[in-house]
Protein chains: 2
Amino acid sequence: MTGSPTFSPLYRQIKALLVQALDEGEWRPGMAIPSEAELAVRFSVSQGTVRKAIDELAADKMLVRRQGKGTFVSTHNDPREYFRFLRLVPNNGEVVPARSVPLECWRAKAGPEPARMLDLPHGAPLIVLRRVLQFNDRNVVGDEIYLPEEHFRGLDMDMLKAHEGSLYSLFEARFGVHMIRAQERVRAVLADREGAQLLGVDEGSPLLSVERVSYTYGDRPMEWRRGLYSTVDHAYLNELN
Amino acid sequence: MTGSPTFSPLYRQIKALLVQALDEGEWRPGMAIPSEAELAVRFSVSQGTVRKAIDELAADKMLVRRQGKGTFVSTHNDPREYFRFLRLVPNNGEVVPARSVPLECWRAKAGPEPARMLDLPHGAPLIVLRRVLQFNDRNVVGDEIYLPEEHFRGLDMDMLKAHEGSLYSLFEARFGVHMIRAQERVRAVLADREGAQLLGVDEGSPLLSVERVSYTYGDRPMEWRRGLYSTVDHAYLNELN
DNA sequence: TAGTGGTCTAGACCACTCC
DNA sequence: GAGTGGTCTAGACCACTAG
């Protein structure tokens, strides 16, 4: 019976303004945003209110606080953040860095599934790419990745081969597309001939199928991918609360 | 060169005291804790400091705030929370409640793996139970669950059959064991004869193997389980930030 | 109307980083 | 020492719940 509960506290409005500024690129990934005191003046609120807005953005991992230094726009373009969304860990605890190796890259029209996942019209232009992830020079993940061409114009094999780091670091550095969050659906499948060969397992071996949609500011989907994970020497790790 | 950074803010000390009180059962799951004002008096700090401690406990899901009513100890013993740790969702979005059906329950000595995962000495007494999870009366998950007998004395098939709800709600209601968080490792495996029959799939079908350790207050491991998930009609859903 | 959590402010001071 | 985020306080007021 009651109307919509339209009440929105000040700090959430400040938060929305900050997200808008981030989305518009007022501050680039890795750069510092103005100090809390400055922002308080800019928005005509107390520092405590700015602080609460930033608290939430830090919890969302859009910003990173560093005591004594400032507050920074989070970035994928830093070795420690390259594979922020990758949940695969080796069975023996040793930490080896992953390496992304591009295989193919072509243009295509969106079929029903990519169109739906990317919120695009059927037939919209896409860039599709295939790559593998390696640990210790061994292929462990094979991905097929679908991107709306509109936002990734110019992406090709040369660019992929020239780039050090993860795809998300490339997306950020070259196309200004910053992924904020993602959602994965994991299933068990059998390796077909191609997948088996790619990951160095027998045909018919069990693999994880991992489908992921990644979102940029404003919950806009910007990437859809399907991966095959070999879980012989690794596991998909998940924390539950 | 610098010594250990032992600085701990007041609100974290308050938080630790609150966790201790929760662990000792001063307030039971589902019940309200004292108001922020009362706690401020009790600990001789300002309400804002208590508030920040509770903020973190709410983020950890140990407490739940309800505006106008109070702050409550979180509980698994509520239909909406029965399967808080279950990440399985149906392929078609419809929400059907899960149902836990016990199969077997027996006593055993801890082998190397349960002992390691539960931080118990080799040979420590365990209770082991097998059960299935059903959606729409169809078996989708088969679990084998290992519990330290010390904390679950008296658990048997009769008790399992008599209980409505999830295992965690039973653990909480009957044994005062409240799971706070858990960690899962997911792999792809092939269904053996037994697993295939249990889940109604062909032998050799791909299944998810999900190993989980659950922790109570103080990060004390209290349960280890291994599950087989059929992902024919469901997917393991995960949010990444 | 009373009690609870939620917001907002202003100010003092602390911890950390860098020059 | 200057500048940043981090803590703590005290007080006023708002939103929500329940009797």
Side-chain angles (χ1 to χ4, degrees), chain A residues 1-18 21-22 26-27 30-75 78 80, chain B residues 1-18 21-22 26-27 30-75 78 80:
Chain A
M1 274 315 166
T2 56
S4 34
T6 39
F7 171 71
S8 171
L10 239 191
Y11 73 85
R12 276 204 200 282
Q13 302 173 41
I14 304 302
K15 180 184 178 184
L17 291 171
L18 289 170
L22 288 166
E26 177 167 350
W27 313 296
M31 297 290 93
I33 69 171
S35 72
E36 296 178 354
E38 283 178 77
L39 291 169
V41 172
R42 165 164 165 179
F43 296 124
S44 304
V45 298
S46 76
Q47 181 177 337
T49 298
V50 168
R51 192 168 174 74
K52 190 145 186 189
I54 292 177
D55 279 344
E56 291 203 349
L57 290 168
D60 296 341
K61 301 201 188 175
M62 290 193 220
L63 296 177
V64 177
R65 296 172 167 291
R66 289 185 214 155
Q67 188 174 21
K69 300 178 76 171
T71 300
F72 298 78
V73 183
S74 75
T75 178
D78 171 307
R80 288 168 313 221
Chain B
M1 277 316 164
T2 58
S4 34
T6 38
F7 171 71
S8 170
L10 239 191
Y11 73 85
R12 276 205 200 281
Q13 303 172 40
I14 305 300
K15 180 184 179 186
L17 290 172
L18 289 171
L22 287 166
E26 176 167 351
W27 314 296
M31 297 290 94
I33 69 171
S35 73
E36 295 178 354
E38 283 178 77
L39 291 170
V41 171
R42 165 164 164 178
F43 296 123
S44 304
V45 297
S46 76
Q47 181 177 337
T49 299
V50 168
R51 193 169 174 73
K52 188 143 188 191
I54 292 177
D55 279 345
E56 291 203 350
L57 291 168
D60 296 341
K61 301 201 187 173
M62 289 194 221
L63 296 177
V64 178
R65 322 185 82 128
R66 290 184 212 154
Q67 188 175 25
K69 301 179 75 172
T71 301
F72 298 77
V73 182
S74 73
T75 178
D78 171 307
R80 288 169 312 223

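So that the names make sense, note that chain A is the first sequence line, chain B the second, and so on, each numbered from 1.
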(Q) Tell me every residue that passes side chain to side chain contact (heavy atoms under 4.5 Å, CB included) with B:Glu38, counting only those two or more places apart in sequence or in another chain. (A) B:Pro34, B:Ser35
Q) Which heavy atom of B:Thr75 sits nearest a heavy atom of B:Gly30, and at what distance? A) CB-N, 3.9 Å
Q. Which residues satisfy the side-chain hydrogen bond (donor to acceptor under 3.5 Å, both in side chains) test with B:Gln67, sequence neighbours excluded?
A. none
Q) Can you list the stems that include DNA chain D, where a stem is three or more consecutive Watson-Crick or G-U pairs with distances under 3.5 Å? A) C:1-18 with D:1-18
Q | B/S/- contact track for nucleotides 1-7 of chain C, protein heavy atom under 4.0 Å | A | --BBBSB
Q.
Holding to side chain to side chain contact (heavy atoms under 4.5 Å, CB included), I want the full list of residues that pass it with B:Phe72, two or more places apart in sequence or in another chain.
A. B:Ala32, B:Arg66, B:Lys69
Q) Under the side-chain hydrogen bond (donor to acceptor under 3.5 Å, both in side chains) test, which residues partner B:Arg65, sequence neighbours left out? A) B:Glu36, B:Asp55
Q. Looking only at atom types and distance, does a side-chain atom of B:Asp78 sit under 3.5 Å from a main-chain N or O of B:Arg80, one as donor and one as acceptor?
A. yes
Q. Do A:Leu39 and A:Leu18 touch side chain to side chain, with heavy atoms closer than 4.5 Å?
A. yes
